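Let me begin by presenting the structure, written as structure tokens, before commenting on it.
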Amino acid sequence: MEQPGVRDPAPEPLRFVQDLVNTVDLESDRDELRTAAEAAAWARRQGLSGRHFDAGALADVLTLREALREVCAAHAGTDVPAATVDALDRLLARAPLRLAVDAEGRAAVRPADGLTGAAGVTAAAASAIARASADGTWQRLKACAADSCRWVYYDRSPAGRSRWCTMAICGSRAKMRTYRKNSRADAPEPG
């Protein structure tokens, strides 16, 4: 998926979460997950089972997508709403993970076998988040601070304090709004 500005996509395993959240472009109102069939096709392209996608599974995937956007916004300094935390808890409870150990003794968290539909997508996201949390990259997946955008990007800045998907678009708009607001506040009153 093409990223705004000159940003590179998130590293694995976070690219899955980034791709899921960015299946909708809020500015253009383009949504890759409008129907259960589209959600099933998207899951297959991600290497997941496309089975068991109905209207309920689609609703759960859309809830997951927007909840993850809220969590990514929290990485830039906002709080996750309580309703979002509750929705994530509900979805995650239906998407079990397991610990897998390979022949060399390395351990990894993986989705439980046989998950399909929304549970499969949720477990894949949870597995990616668990791996990224362990390696310290999860907090760098952020949602753009611009309310009209909220695109999820990976913050590669040294200090990890980026707020916009791209400075050239959303950052410039925010700075211009602040400049105009401050200019009006500093203007002399007509007399």
Side-chain angles (χ1 to χ4, degrees), residues 1 9-26 29-100 107-145 147-155 165:
M1 177 168 289
E12 294 299 339
L14 285 177
R15 189 169 303 165
F16 176 84
V17 177
Q18 182 182 33
D19 287 350
L20 172 61
V21 178
N22 289 340
T23 56
V24 64
D25 182 333
L26 299 176
D29 200 32
R30 180 187 51 81
D31 192 342
E32 295 177 46
L33 306 179
R34 292 175 306 218
T35 67
E38 288 174 336
W42 181 86
R44 282 191 298 275
R45 286 192 302 274
Q46 298 297 319
L48 302 174
S49 169
R51 297 182 329 209
H52 300 107
F53 274 92
D54 57 14
L58 175 62
D60 283 348
V61 168
L62 297 179
T63 297
L64 175 66
R65 176 178 74 185
E66 295 314 312
L68 290 173
R69 186 184 317 279
E70 291 294 331
V71 172
C72 290
H75 294 165
T78 65
D79 289 333
V80 180
T84 299
V85 172
D86 292 343
L88 274 174
D89 283 346
R90 178 182 55 80
L91 292 168
L92 291 167
R94 292 185 279 160
L97 300 176
R98 65 181 182 86
L99 185 64
V109 174
R110 305 228 186 276
D113 292 335
L115 297 175
T116 61
V121 172
T122 303
S127 175
I129 292 166
R131 288 174 37 205
S133 292
D135 71 19
T137 58
W138 172 231
Q139 296 293 329
R140 287 188 173 260
L141 195 62
K142 299 178 178 182
C144 182
D147 288 335
S148 62
C149 178
R150 299 191 25 102
W151 191 259
V152 170
Y153 64 94
Y154 188 77
D155 182 359
C165 63

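Only heavy atoms go into these numbers, but all of them, side chains included; no hydrogens, no water, no symmetry mates. We count residues from 1, following the sequence as given. A quick note: this is a predicted structure, and the numbers were derived from the prediction, not measured.
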Is there side-chain contact between [X] and [Y], with at least one heavy-atom pair below 4.5 Å?
| X | Y | result |
| --- | --- | --- |
| Leu14 | Arg140 | no |
| Arg90 | Asp60 | yes |
| Arg69 | Val24 | yes |
| Trp42 | Leu20 | yes |
| Leu58 | Leu62 | yes |
| Phe16 | Leu48 | yes |

Using 0.5 Å steps for rounding, measure from the [atom1] atom of [X] to the [atom2] atom of [Y].
| X | Y | atom1 | atom2 | result |
| --- | --- | --- | --- | --- |
| Gln46 | Thr23 | CD | OG1 | 9.5 Å |
| Leu88 | Thr63 | CG | OG1 | 9.5 Å |
| Asp89 | Arg94 | CG | CZ | 12.0 Å |
| Asp25 | Trp151 | CG | CH2 | 5.5 Å |

Inset, instruction - Inspect the surroundings of CG in Asp29 and state if more than 12 heavy atoms from other residues, nucleotides or ligands are less than 6.0 Å away. - result: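 Not buried by this count: 12 neighbours or fewer within 6.0 Å.
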What are the two closest heavy atoms between [X] and [Y], and how far apart are they?
| X | Y | value |
| --- | --- | --- |
| Ala10 | Tyr154 | CA-CB, 3.6 Å |
| Arg51 | Ser49 | N-OG, 3.0 Å |
| Ala143 | Ala76 | O-CB, 4.5 Å |
| Gln18 | Val152 | NE2-O, 3.2 Å |
| Leu26 | Ser148 | CB-O, 3.8 Å |
| Asn22 | Glu32 | O-OE2, 4.3 Å |

Inset, instruction - Take the angle between the ring planes of His75 and Trp138 and call it parallel below 30°, perpendicular above 60°, tilted in between. - result: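 Plane angle over 60°, so perpendicular.
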Inset, instruction - Show your working on side-chain contact (heavy atoms from CB on, under 4.5 Å) between Tyr153 and Leu141 and close with a plain yes or no. - result: CA-CA 6 Å; Tyr153 64 94; Leu141 195 62; over 6 Å; no
Inset, instruction - Decide, yes or no, whether a salt bridge links Asp31 with Arg65 under the criterion of side-chain N to carboxylate O below 4.0 Å. - result: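 Answer for the salt bridge query: yes.
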Inset, instruction - May I ask you to say whether Glu66 pairs ionically with Arg150, meaning some side-chain N is under 4.0 Å from a carboxylate O? - result: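 No.
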Distance-only check: which donor-acceptor pairs under 3.5 Å involve side-chain atoms of residues 108-132, not counting sequence neighbours?
from   : atom 1 : to     : atom 2 : distance (Å)
Thr116 : OG1    : His52  : ND1    : 2.8
Thr122 : OG1    : Ala118 : O      : 2.8
Ser127 : OG     : Val109 : O      : 2.8

